[in-house]
Enquirer: 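Structure below; questions to follow.
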Amino acid sequence: MEDIREVLFMNIVDMKGFKAVGFQVQGDWQTLPEVMPKKWEEFYKKSGSIKNKVKEGYMDISLSETEGVYTQFISAEVSDFDEIPDGFACKEIPEGKYLHYTHTVRVEEIYASFEEMYSFAEAHGHKVTGFKIDYGYEEGGTESEHELYIRVIE
């Protein structure tokens with residue numbers, strides 16, 4: 001029997017495209033846990049120089065995986081690309097349908113929520129990709145929830 005929490009809290013949403021500014025990070029499954037915290041630390045130190053932020057929180061976007069190498073984008077949503085600080089990259093995030101879930105437990109368990117989302121998608125006949133957005137990071141780790149999204153193939 002299906003967990004009623006999944007049915008109530010996972011849904012397909014139409015997301016508008018948006019702009020993001022941040023750092024691109026690459027690594028395999030073994031090295032990312034070492035590399036990502038260092039990149040987040042560097043990002044937080046320099047994030048004050050990002051102009052035109054739309055929201056206060058930050059995100060980790062899983063852009064792709066090729067032959068075991070994952071490409072992540074630690075970033076902030078911005079209204080435009082007019083003033084990009086040195087060392088930062090820009091990405092246009094596409095509009096489309098996304099499976100959405102609000103993660104309200106420890107950040108270390110986000111992977112488990114994404115696994116549940118993939119299971120939910122399969123059980124309900126939704127085709128999804130590896131393109132994921134994890135929105136809700138705060139400097140100092142004080143966040144209470146993360147908005148998780150997985151791109152749905154229409």
Side-chain angles (χ1 to χ4, degrees), residues 3-27 29 31-65 70-81 83-85 87-122 124 126 128-153:
D3 186 337
I4 191 68
R5 291 174 298 165
E6 289 180 358
V7 174
L8 292 175
F9 298 113
M10 289 189 196
N11 58 330
I12 304 295
V13 298
D14 289 310
M15 183 185 290
K16 292 182 180 179
F18 63 90
K19 295 172 174 58
V21 171
F23 294 152
Q24 187 164 298
V25 183
Q26 289 187 310
W29 196 244
T31 60
L32 277 179
E34 295 174 24
V35 175
M36 290 295 285
K38 293 174 187 171
K39 276 300 194 181
W40 271 111
E41 186 177 330
E42 180 184 354
F43 177 82
Y44 287 137
K45 285 180 182 175
K46 297 179 178 181
S47 64
S49 64
I50 300 172
K51 306 290 184 209
N52 306 318
K53 282 190 246 180
V54 174
K55 298 178 184 176
E56 285 304 309
Y58 301 105
M59 61 193 136
D60 177 7
I61 303 173
S62 299
L63 298 172
S64 64
E65 180 271 325
Y70 296 85
T71 302
Q72 304 293 120
F73 194 58
I74 296 171
S75 57
E77 183 177 352
V78 296
S79 57
D80 57 60
F81 294 141
E83 299 179 52
I84 306 304
F88 283 79
C90 309
K91 297 282 181 200
E92 291 266 359
I93 306 305
E95 69 177 22
K97 293 196 179 300
Y98 289 80
L99 177 59
H100 170 256
Y101 178 71
T102 301
H103 175 88
T104 57
V105 293
R106 296 176 6 170
V107 69
E108 294 84 7
E109 297 177 28
I110 286 175
Y111 77 93
S113 289
F114 273 121
E115 287 177 0
E116 287 181 31
M117 292 172 74
Y118 278 108
S119 295
F120 177 89
E122 184 177 350
H124 291 85
H126 301 295
V128 292
T129 69
F131 188 92
K132 301 179 294 226
I133 302 170
D134 173 359
Y135 209 137
Y137 288 93
E138 294 178 12
E139 189 169 359
T142 58
E143 65 269 11
S144 60
E145 63 184 35
H146 286 245
E147 300 301 327
L148 306 181
Y149 301 89
I150 301 174
R151 177 81 189 225
V152 175
I153 300 170

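Sequential numbering from 1 along the given sequence is applied to the chain's residues. Just so it is clear, the model here is predicted, and its values are computed rather than measured.
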Enquirer: Aromatic rings Phe43 and Tyr58: how do their planes relate, parallel, tilted or perpendicular, breaks at 30° and 60°?
Expert: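 If you compare the ring of Phe43 with that of Tyr58, the planes turn out perpendicular.
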Enquirer: Compare all side-chain heavy atoms of Met59 with those of Asp134 and state whether any distance is below 4.5 angstrom.
Expert: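 Side chain of Met59 against side chain of Asp134, heavy atoms only: no contact under 4.5 Å found.
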Enquirer: What are the two closest non-hydrogen atoms of Lys55 and Tyr135, and how far apart are they?
Expert: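 Result for this residue pair: CD-OH, 3.3 Å.
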Enquirer: Which one of His100, Met117, Met10, His126 satisfies the side chain to side chain contact (heavy atoms under 4.5 Å, CB included) criterion with Ile150?
Expert: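 Running side chain to side chain contact (heavy atoms under 4.5 Å, CB included) over His100, Met117, Met10, His126 with Ile150 returns exactly one hit, Met117.
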Enquirer: Look at atom CD of Glu108 and say whether more than 12 heavy atoms of other residues, nucleotides or ligands are closer to it than 6.0 Å.
Expert: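 More than 12 heavy atoms, drawn from other residues, nucleotides or ligands, come within 6.0 Å of this atom.
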Enquirer: Do Phe88 and Phe23 have their ring centres less than 6.0 Å from each other?
Expert: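 Between Phe23 and Phe88, which both carry aromatic rings, the centre distance is below 6.0 Å.
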Enquirer: Going by the side chain to side chain contact (heavy atoms under 4.5 Å, CB included) test, name the single residue among Val21, Ile61, Leu63 that passes it with Lys91.
Expert: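 Exactly one option meets the side chain to side chain contact (heavy atoms under 4.5 Å, CB included) with Lys91, and it is Leu63.
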Enquirer: Any idea which heavy atoms bring Ser113 and Tyr101 closest together, and the distance?
Expert: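 Heavy-atom minimum between the residues: OG-CE2, 3.6 Å.
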Enquirer: To the nearest 0.5 Å, what is the distance between NZ on Lys132 and CZ on Arg151?
Expert: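 One gets 15.0 Å once the value is rounded to the nearest 0.5 Å.
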Enquirer: Report the relative orientation of the aromatic rings in Tyr149 and Tyr98; use parallel for angles under 30°, tilted for 30 to 60°, perpendicular for over 60°.
Expert: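 Tyr149 vs Tyr98 ring planes: perpendicular.
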Enquirer: Step by step, would you call Val78 with Lys51 a side-chain contact (heavy atoms from CB on, under 4.5 Å)?
Expert: CA-CA 7 Å; Val78 296; Lys51 306 290 184 209; over 6 Å; no
Enquirer: Output, in order, the C-alpha distance, side-chain angles, deciding distance and verdict of side-chain contact (heavy atoms from CB on, under 4.5 Å) for Val54 and Lys19.
Expert: CA-CA 9 Å; Val54 174; Lys19 295 172 174 58; over 6 Å; no
Enquirer: I need the Cys90 SG to Gln24 CD distance, nearest 0.5 Å.
Expert: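 Answer rounded to 0.5 Å: 11.5 Å.
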Enquirer: State, with a plain yes or no, whether a side-chain heavy atom of Gln72 is found less than 4.5 Å away from one of Val35.
Expert: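 When only atoms from C-beta onward are counted, Val35 and Gln72 do not touch, as no gap falls below 4.5 Å.
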Enquirer: How long is the straight-line distance from NZ of Lys39 back to CD of Glu34, given to the nearest 0.5 Å?
Expert: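 Here the interatomic distance stands at 14.5 Å.
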Enquirer: Is Ile74 close to Met36 at the side-chain level, that is, under 4.5 Å between some pair of heavy atoms?
Expert: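 Counting from C-beta outward, Met36 and Ile74 do come under 4.5 Å.
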Enquirer: Of all heavy-atom pairs between Phe81 and Ala20, which one has the smallest distance, and what is that distance?
Expert: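 Heavy atoms of Phe81 and Ala20 come nearest at CE2-O, 3.6 Å.
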Enquirer: So Leu32 and Tyr70, side-chain contact (heavy atoms from CB on, under 4.5 Å) or not? Walk me through it.
Expert: CA-CA 8 Å; Leu32 277 179; Tyr70 296 85; 3.6 Å; yes
Enquirer: For the pair Tyr137 and His146, name the ring-plane relationship: parallel under 30°, tilted 30 to 60°, perpendicular over 60°.
Expert: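 Aromatic pair Tyr137/His146 classed perpendicular.
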Enquirer: Is Glu65 atom CD crowded by more than 12 heavy atoms from other residues, nucleotides or ligands, each under 6.0 Å away?
Expert: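 Result for CD/Glu65: enclosed.
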Enquirer: Once you round to the nearest 0.5 Å, how far does NE2 of His103 lie from CG of Leu148?
Expert: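 Between His103 NE2 and Leu148 CG, I get 6.5 Å after rounding to 0.5 Å.
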Enquirer: Report the distance from atom CD of Glu95 to atom CZ of Phe18, rounding to the nearest 0.5 Å.
Expert: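 Rounded to the nearest 0.5 Å, the CD-CZ separation comes to 12.0 Å.
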Enquirer: Could you give the distance from CD1 (Ile50) to CD1 (Ile84), rounded to the nearest 0.5 Å?
Expert: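 Rounded to the nearest 0.5 Å, the CD1-CD1 separation comes to 8.5 Å.
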Enquirer: Going by the salt bridge (Lys or Arg N to Asp or Glu O under 4.0 Å) test, name the single residue among Lys38, Lys45, Lys46 that passes it with Glu42.
Expert: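 Checked Lys38, Lys45, Lys46 against Glu42; only one passes salt bridge (Lys or Arg N to Asp or Glu O under 4.0 Å): Lys46.
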Enquirer: Donor-acceptor pair, distance only, cut-off 3.5 Å: does the side chain of Glu143 make one with the backbone of Glu138?
Expert: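 Yes; judged by distance alone, with no hydrogens or angles, the pair exists.
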Enquirer: Can a side-chain donor-acceptor contact be found between Glu145 and Thr104 if the only test is distance below 3.5 angstrom?
Expert: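 Glu145 and Thr104 do not have a side-chain donor-acceptor pair below 3.5 Å.
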